[in-house]
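Encoded as C-alpha cells, the structure appears first; notes follow it.
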Amino acid sequence: MKDFYKRFVTEEFDENGILCKFEPTPEQNYNFAYDVIDELARLEPDKVCLYWVNEEREEHKFTFKQVSEMSSRFANMFLAHGVKKGDMVMLVLKRHYEFWFAIYGLMKIGAIAIPATNQLLAKDYVYRFDAASVKYICATIEDNVCEHIEEAMEKYDGIVEKFCTHGNREGWINIMDEAMKYPPTLERIPNDVEDNMLLYFSSGTTGYPKMVMHNHYYTVGHIVTAKHWHNISDGTLHLTVSDSGWGKCAWGKLFGQITCGATIFIYDFDRFHPNELLQVIQDYKITSFCAPPTMFRFFIKEGIENYDLSNLKYATIAGEALNPEVFNKFYEYTGLKLMEGFGQTETVLAVGNMVGMEPKPGSMGKPIPIYNMDIVDESGKSCPVGEVGEMVVRTNGQKQKALFKEYYRNKEETDAAWHDNIYHTGDTAWKDEDGYYWYVGRTDDLIKASGYRIGPFEIESVLMEHPSVLECAVTGAKDPIRGQVVKATIVLARGYSPSDELVKELQNYVKNATAPYKYPRIVEFVDELPKTISGKIRRVQIREEDNK
C-alpha cells in the first residue's frame, strides 16, 4: 500500500528532495505487530510479506494474512504456556522463518524478545540467562544449540519452558506443531508505545555484552533506515544479510522495510559463500541489498562481473567502515554506488548517505535528522571541520523516540554513556566542509603517538588494498619514546608468506598512501585475528596480549 508508512511519521525534505526532518509520531498504543502486520493483512492480505529460501532452494512465500495469522497462533501458544507481558523470551532461531512468527507473536503479548545467535556456548547462555532473567527459550535443534542450552540450565533454573524447531527433542516442545493447535486470531492486548519490547546483548569489543533495551518507538524509527537509506518503496524485494540474532536483522528484515512496502527476502544459509549469494541475488532478482563491506570484497574477488545483477537497483553497506577501493570496484562492475550508513545496537540509522545524496567513497554520509548528531571534543564542545572527535547524540532533555531506553539493569553503564543531555556513541569521526562524516575508530582504539591522534581505520583501509593482506587490525603498542607506535596485525592472503621484505613493502605502501607518521612501525603476521561472536575484531585483546 503506497505511503502506508506516513501514518506513523512526520517528515520534511529540502529543495533537493533529501530528507531534512524526521520524527516518529505513532499513537500512544502503537504496536508494530498489530498496527503494521495485522493492518496490512487487512488491507493487502495476499501481498507477500516474507519470501524464504534455503540453501537447497526450498521456498516458502508468506502473505501478510499468513504472517498475521501465524503470529497470532504463536501469541496464543505462548499465552497458553504462561508467557506474560514483560517476560523475557530468548529466540535462537537462525534465519528460520519461525523467528518472524515468534517475535511478532511476542510483541502482541507484550513479552520481551531477546534475539541471540546460534554461536553461543553454554557459558554465554548462563551469563545471558542470569543477566536478563530469561524465562522461556525458543531454539533450533541444529548446531548443538539445545545441548549448550541444556548444559547452561544445569547452572540456571529459571527456564519455565523450552520450544524447538527444525526437529524434535526430548523435553522440548516443537514450536510449529504446537502453534498450529491454537487459533489464528487474537483480541488486541493493550500496550503503551514506551513499553519495553526488544532486548539485544550488544556485541561490544570490550568486557561483557551490555543489554540494550528498546521500546516500540524503535520499530517506527527504522522507517528512516528503510525509506531513506535502503530506498524501499512499494514492491521492493529487499535482502539484508544478517542472522536473526543480531541487531542488523532489526535494521533490515523486521520492521521498517515491511512498513514501507517491501517484501523481505530471507536467504537461510549457514556459511557465507560469495558465489552462492551472488547466484541468489541473480536468480531471485533482488532489487535492494544490504551487507557488510567484507562481503562486497569477497564478491569482487569471486568475479562479480560474471553474474547478472541487472535487477539490483540499490545497494547499502554498514557494519564496518567502507574501503574506497571496494566502492570503486563495485561501481565499476554494477553501476551502483554503495550507500554507506552508520548506527549501533542502541540506535537506528544515525549517519548515512540518504536517498538523493551523492556519496563520497569512504564517508559514512551525513547525520540523519531523526537525531541531533554532533562531533565533540573531550570537553563536549563541537569540533570544527577536520578535527577528530566523538560522535554523540545531543538529547537536550527530550525523549528520544528511536534511541535505546537504557542498558537494562546497569545504571552505571547507562549514566556513563548518557549524561549531561548527551549520548556518547564511543565512535570517533571528523566532518568535512560539506558536512560529511568520516569514520576514525572507537574511542578506545585511538592511537596517540608523538602527539598525533591516529585512527586505525585509515591505516587498515590502506593495508587492505595491498594484495598480500586478507585481514588486518591496527592498534597502538607501547613505546618508551613516542608513548605509542602504530602496530599492524595482519592475516596474509593465500600465496604470501611472512618476511622482512614484506614488512618493509607494507610499511612503504602506507607511507606512500597517507601521512608518513601513520605507518606501522610494528608489523606482526598471524593466522587469525581475535573476534567477537558477531565477527568484530577485538583490538582490545591484541593490546592486552602486547602488554603482558
Side-chain angles (χ1 to χ4, degrees), residues 74 77-96 98-99 101-103 105-106 109-179 196 198-213 243-247 249 270-271 345 407-410 412-413 530-536 538 541:
F74 271 63
M77 173 191 67
F78 287 134
L79 287 168
H81 284 269
V83 180
K84 304 184 299 298
K85 181 176 181 177
D87 280 348
M88 298 287 186
V89 184
M90 185 172 282
L91 306 176
V92 195
L93 295 171
K94 298 174 71 174
R95 295 174 174 87
H96 304 330
E98 292 90 343
F99 172 79
F101 305 153
I103 197 167
L106 292 170
I109 293 171
I112 299 164
I114 307 175
T117 172
N118 64 301
Q119 298 174 45
L120 300 179
L121 302 177
K123 62 181 177 60
D124 303 310
Y125 286 112
V126 172
Y127 169 71
R128 286 160 173 75
F129 289 169
D130 276 328
S133 299
V134 175
K135 293 182 70 174
Y136 296 84
I137 190 157
C138 307
T140 176
I141 67 168
E142 303 163 305
D143 308 314
N144 298 315
V145 170
C146 293
E147 287 89 336
H148 293 314
I149 291 168
E150 289 168 351
E151 183 181 342
M153 287 174 61
E154 294 174 8
K155 297 181 180 179
Y156 177 82
D157 62 1
I159 299 295
V160 176
E161 202 84 81
K162 309 186 298 293
F163 299 90
C164 71
T165 187
H166 271 59
N168 296 291
R169 185 176 178 85
E170 185 177 352
W172 294 69
I173 299 168
N174 183 290
I175 201 167
M176 281 296 284
D177 290 347
E178 184 70 7
N196 291 343
L198 181 64
L199 186 147
Y200 279 106
F201 281 84
S202 72
S203 57
T205 54
T206 61
Y208 286 108
K210 297 187 288 286
M211 294 183 286
V212 180
M213 182 65 80
D243 179 270
S244 65
W246 304 122
C249 179
D270 282 320
R271 291 187 176 278
T345 307
Y407 293 121
Y408 186 60
R409 292 179 172 175
N410 197 333
E412 183 179 348
E413 287 279 9
K531 295 179 180 178
T532 66
I533 291 174
S534 64
K536 294 182 180 178
R538 296 195 73 240
Q541 186 173 328

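- Scanning both residues, Ser133 and Arg409, for their nearest heavy atoms gives OG-NH1, 2.9 Å.
- Judged purely by atom type and a 3.5 angstrom limit, Asn118 has no side-chain atom pairing as donor or acceptor with the backbone of Leu93.
- For the pair Glu147/Arg169, a side-chain contact is recorded, criterion being any heavy-atom separation below 4.5 Å from C-beta on.
- Taking each heavy atom of Phe201 and Ala132 in turn, the nearest pair found is CZ-CB, 4.2 Å.
- Taking NZ of Lys162 as the start and CD of Glu170 as the end, the distance is 9.5 Å to the nearest 0.5 Å.
- Remark: the backbone N or O of Gly245 is paired with a side-chain donor or acceptor of Asp243 at under 3.5 angstrom.
- Between Thr140 and Glu98, the closest side-chain pair of non-hydrogen atoms is not below 4.5 Å.
- What you find for Val212 and Ser202 is that their closest heavy atoms are CG2-CB, 4.0 Å.
- Between the Ser244 side chain and the Lys94 main chain, a donor and an acceptor come within less than 3.5 Å of each other.
- Side-chain contact between Leu120 and Arg128 is present, with at least one heavy-atom pair separated by less than 4.5 Å.
- Of all non-hydrogen atoms in Ala102 and Phe74, the two that sit nearest each other are CA-CD2, 3.6 Å.
- Using bins of under 30°, 30° to 60° and over 60° for the plane-to-plane angle, the ring pair Phe78/Phe163 lands in the perpendicular bin.
- At least one side-chain heavy atom of Leu91 sits less than 4.5 Å from a side-chain heavy atom of Ile103.
- Using a distance-only test at 3.5 Å, with no hydrogens or angles considered, a donor-acceptor pair links the side chain of Tyr136 to the main chain of Gly82.
- Separation of atoms CD (Glu178) and SG (Cys164) is listed at 11.0 Å; rounding is to 0.5 Å.
- Taking the side chain as every heavy atom from C-beta outward, His81 and Ile173 approach each other to under 4.5 Å.
- Here the CE atom belonging to Met211 is positioned 14.0 Å from the OG1 atom belonging to Thr345, to the nearest 0.5 angstrom.
- The structure places NE2 of His148 at 11.0 Å from CD of Glu150, a figure rounded to the nearest 0.5 Å.
- No side-chain heavy atom of Met176 sits less than 4.5 Å from a side-chain heavy atom of His96.
- Side chain of Tyr156 to main chain of Val134: a donor-acceptor pair is present (N/O by atom type, distance under 3.5 Å, no hydrogens or angles).
- Using a 4.5 Å heavy-atom cutoff, the side chains of Trp172 and Glu161 are not in contact.
- With a 4.5 Å cut-off on side-chain heavy atoms, Val89 and Cys138 count as touching.
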For the pair Phe129 and Met90, evaluate side-chain contact (heavy atoms from CB on, under 4.5 Å) and give the outcome as yes or no after the intermediate values.
CA-CA 9 Å; Phe129 289 169; Met90 185 172 282; 3.9 Å; yes
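- In this structure, CD1 in Ile159 is found 8.0 Å from CD1 in Ile149, a value given to the nearest 0.5 Å.
- Interatomic distance, CD1 of Ile137 versus CE of Met88, reported as 13.5 Å (0.5 Å rounding).
- Of all the heavy atoms in Asn174 and Gly167, the pair that sits closest is ND2-O, 3.0 Å.
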